[in-house]
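Heads up: the structure comes next, in structure tokens.
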Amino acid sequence: MGRLEKKIALVTGAARGIGEATSEAFVREGASVVLSDIRNSLGREVADRLGPQAVYEHLDVRDETHWIATIDRILERHRRLDVLVNNAAITGLDEGLGVHDPEQATLEAWVAVHRTNLDGVFLGCKHAIRAMRATRSGSIINVSSRSGLIGIPGAAAYASSKAAVRNHTKTVALYCAQEGLEIRCNSVHPGAVLTPMWDAYLGEGPDREARMLAVARENPLRRWGTPSEVAETVVFLASDEAPYMTGSEINIDGGLLAGEVEPPPNE
């Protein structure tokens, strides 16, 4: 038996990166997974690769009508929703929205990042609670970021949105408990996890390797994390192994937020 056997899960931003790895881990652990994204070709490719336990749905997390339709289809097909992973996010840096420091960022760019990263999570939590009321239980996992715990001068909107995701996670957890629902809501906070989201910073030129090495050296483990390492933590939170965890946050950052360590002597 898999750790998520017979569970019904919805993962946003599932076409690549952490969402793709999470969907793959969920299927491996026995869940039926609805992968959603706006990158339709990539999303369908991932779902096809994962087999009959996976289906793809186009879902723009910024649009409430999309959420309503997607959740309703899941309930029609499966009669319940057990797990939601709110993973879809943008940095704004690779979407042509210009600079993102607190002085130069435009209001348009600020709003665009928050619409996906924060409004999308708000809508996901709202409609997941509606769906999970049928069984009075479930697990919502919101993918925040290390950037939601510290300031990021060059990505002000991203940092702000991820900080808000952290806070809203706790609000949802408390609300569900207050309602007498066994719907848990927790957040994960990845640090330097190598996904396509980093491409705007790392670039594709000859300096990419040096930039990757510089980022890796910032954390105590001296390496990048992988999407699958984040996915394994999400599996734990989605499973019945974490029934007493709600309103919690888990950092997955190679020890970066723990503090500084002296580099090994051979560096």
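What you see is a predicted model; the values in this text were computed from it and never measured.
The pair Glu179-Arg136 fails the salt-bridge criterion, with no side-chain N (NZ, NE, NH1 or NH2) lying under 4.0 Å from an Asp/Glu carboxylate O. Of the charged side-chain nitrogens involved, at least one lies within less than 4.0 Å of a carboxylate oxygen, so that Glu64 and Lys126 count as a salt-bridged pair. With respect to the salt-bridge test (charged N to carboxylate O, under 4.0 angstrom), the residues Glu232 and Arg28 qualify. A salt bridge is defined here as a Lys NZ or Arg NE, NH1 or NH2 lying under 4.0 Å from an Asp or Glu carboxylate O, and Glu204 with Arg208 meets this definition. Checked for salt-bridge contact, Glu241 and Arg184 miss the test: no charged N lies under 4.0 Å from a carboxylate O. Using a 4.0 Å cut-off between charged side-chain N and carboxylate O, Asp240 and Arg3 make no salt bridge.
Of the N and O atoms on the side chains of Glu229 and Thr226, at least one donor lies less than 3.5 Å from an acceptor on the other residue. For the residue pair Ser32 and His78, no side-chain donor N or O sits within less than 3.5 Å of a side-chain acceptor on the partner. Side-chain polar atoms of Asn40 and His58 form a donor-acceptor pair below 3.5 angstrom. A donor-acceptor pair shorter than 3.5 Å cannot be found between the side chains of Asp48 and Tyr56.
Checked by atom type and distance alone, the side chain of Ser239 pairs as donor or acceptor with a backbone atom of Phe236 at under 3.5 Å. Side chain of Asn87 to backbone of Thr12: a donor-acceptor contact under 3.5 angstrom is found. In terms of modelled atom types and a separation under 3.5 Å, the side chain of Asp207 and the main chain of Ala210 share no donor-acceptor contact. Between the side chain of Lys162 and the main chain of Leu149, no donor-acceptor pair closer than 3.5 Å is present. The backbone N or O of Ala14 lies less than 3.5 Å from a partner atom in the side chain of Asp37, making a donor-acceptor pair. With hydrogens and angles disregarded, a donor-acceptor distance shorter than 3.5 Å links the side chain of Asn186 to the backbone of Ser248. Remark: side-chain polar atoms of Ser161 are not paired, donor with acceptor, to backbone N or O of Val113 under 3.5 angstrom. Asp101 contributes no side-chain N or O that, together with a main-chain N or O of Pro153, makes up a donor-acceptor pair within less than 3.5 Å. Checked by atom type and distance alone, the side chain of Ser160 never pairs as donor or acceptor with a backbone atom of Ala156 at under 3.5 Å. Between the side chain of His100 and the backbone N or O of Gly92 there is at least one donor-acceptor pair closer than 3.5 Å.
Residues Asp63 and Leu123 form no side-chain contact, since every pair of their non-hydrogen atoms from C-beta on lies 4.5 Å or further apart. Considering only heavy atoms from C-beta on, Arg79 stays 4.5 Å or farther from Leu75 through its side chain. Counting heavy atoms from C-beta outward, Ser144 and His189 have side chains that approach closer than 4.5 Å. Looking at heavy atoms from C-beta onward, Ile18 lies in side-chain contact with Pro190 at the 4.5 angstrom threshold. Under the 4.5 Å side-chain criterion, counting only non-hydrogen atoms from C-beta, Ile250 is in contact with Met245. Between Val46 and Arg16 the shortest side-chain heavy-atom distance does not fall below 4.5 Å. Looking at heavy atoms from C-beta onward, Leu256 lies in side-chain contact with Arg146 at the 4.5 angstrom threshold. Proximity of Arg49 to Glu20: side-chain heavy atoms (C-beta onward) are separated by under 4.5 Å at one or more points.
A single hydrophobic cluster is seen to contain both Val193 and Val234, as judged by linkage of ILVMFWY side chains at heavy-atom distances under 4.5 Å, directly or through other members. Hydrophobic clustering, with ILVMFWY side chains joined whenever heavy atoms are under 4.5 angstrom apart, keeps Phe122 apart from Ile38. The hydrophobic clustering, which links ILVMFWY residues whose side-chain heavy atoms are closer than 4.5 Å, places Leu237 and Val34 apart. Under the 4.5 Å side-chain heavy-atom criterion for ILVMFWY residues, a single connected hydrophobic cluster contains both Val27 and Val83. Hydrophobic clustering (ILVMFWY, side-chain heavy atoms < 4.5 Å, transitive): Trp110 and Ile152 are in distinct clusters.
Closest heavy-atom contact between Ala25 and Ala231: CB-CB, 4.1 Å. Shown here for Pro220 and Gly259, the closest heavy-atom pair between the two residues is CG-O, 4.0 Å. Pairing each heavy atom of Gly254 with each of Asn219, the nearest pair is O-OD1, 3.7 Å. Nearest heavy atom pair, residue Gly13 against residue Ala88, reads N-CB, 3.7 Å. The shortest non-hydrogen separation linking Val11 to Gly19 is CG1-O, 3.8 Å.
Applying the 6.0 Å contact sphere to CZ of Arg77 captures more than 12 heavy atoms from other residues, nucleotides or ligands. The number of heavy-atom neighbours closer than 6.0 Å to CD of Glu182, taken from other residues, nucleotides and ligands shown, is 12 or below.
Ile140 pairs in a side chain to side chain contact (heavy atoms under 4.5 Å, CB included) with only one of the listed residues (Cys185, Cys176, Ser187), which is Cys185. Residue Ile68 is tested with Thr70, Ile71, Asp72 for a side chain to side chain contact (heavy atoms under 4.5 Å, CB included); the sole match is Asp72.
Note that OG1 of Thr171 is 11.0 Å distant from CZ of Arg166, once rounded to the nearest 0.5 Å. Note that OG of Ser139 and CE of Met132 are 7.0 Å apart. Values are rounded to the nearest 0.5 Å. Rounding to the nearest 0.5 angstrom, the gap separating the CD atom in Glu249 from the OG1 atom in Thr169 is 8.5 Å. If you take CG on Asn117 and CG on Asn142, they are separated by 11.5 Å, rounding to the nearest 0.5 Å. Taken from CD1 in Ile183 to OG1 in Thr246, the straight-line distance is 9.5 Å, to the nearest 0.5 Å. With rounding to the nearest 0.5 Å, the separation of CZ in Phe26 from CG in Leu10 is 10.0 Å.
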CA sep, side-chain torsions, deciding dist, call: Tyr175, Ile129, side-chain contact (heavy atoms from CB on, under 4.5 Å): CA-CA 10 Å; Tyr175 172 79; Ile129 293 170; 4.3 Å; yes
Let's go through Val143 and Val230 carefully: what are the C-alpha distance in whole Å and the side-chain angles of both, what is the deciding distance for side-chain contact (heavy atoms from CB on, under 4.5 Å) to 0.1 Å, and is it a yes or a no? CA-CA 10 Å; Val143 180; Val230 179; 5.6 Å; no
Between Ile74 and Glu57, does a side-chain contact (heavy atoms from CB on, under 4.5 Å) hold up when you go through it step by step? CA-CA 10 Å; Ile74 291 171; Glu57 291 263 1; 5.7 Å; no
Criterion side-chain contact (heavy atoms from CB on, under 4.5 Å) on Asn86 and Leu84, from CA distance to verdict: CA-CA 6 Å; Asn86 278 315; Leu84 168 66; 3.5 Å; yes
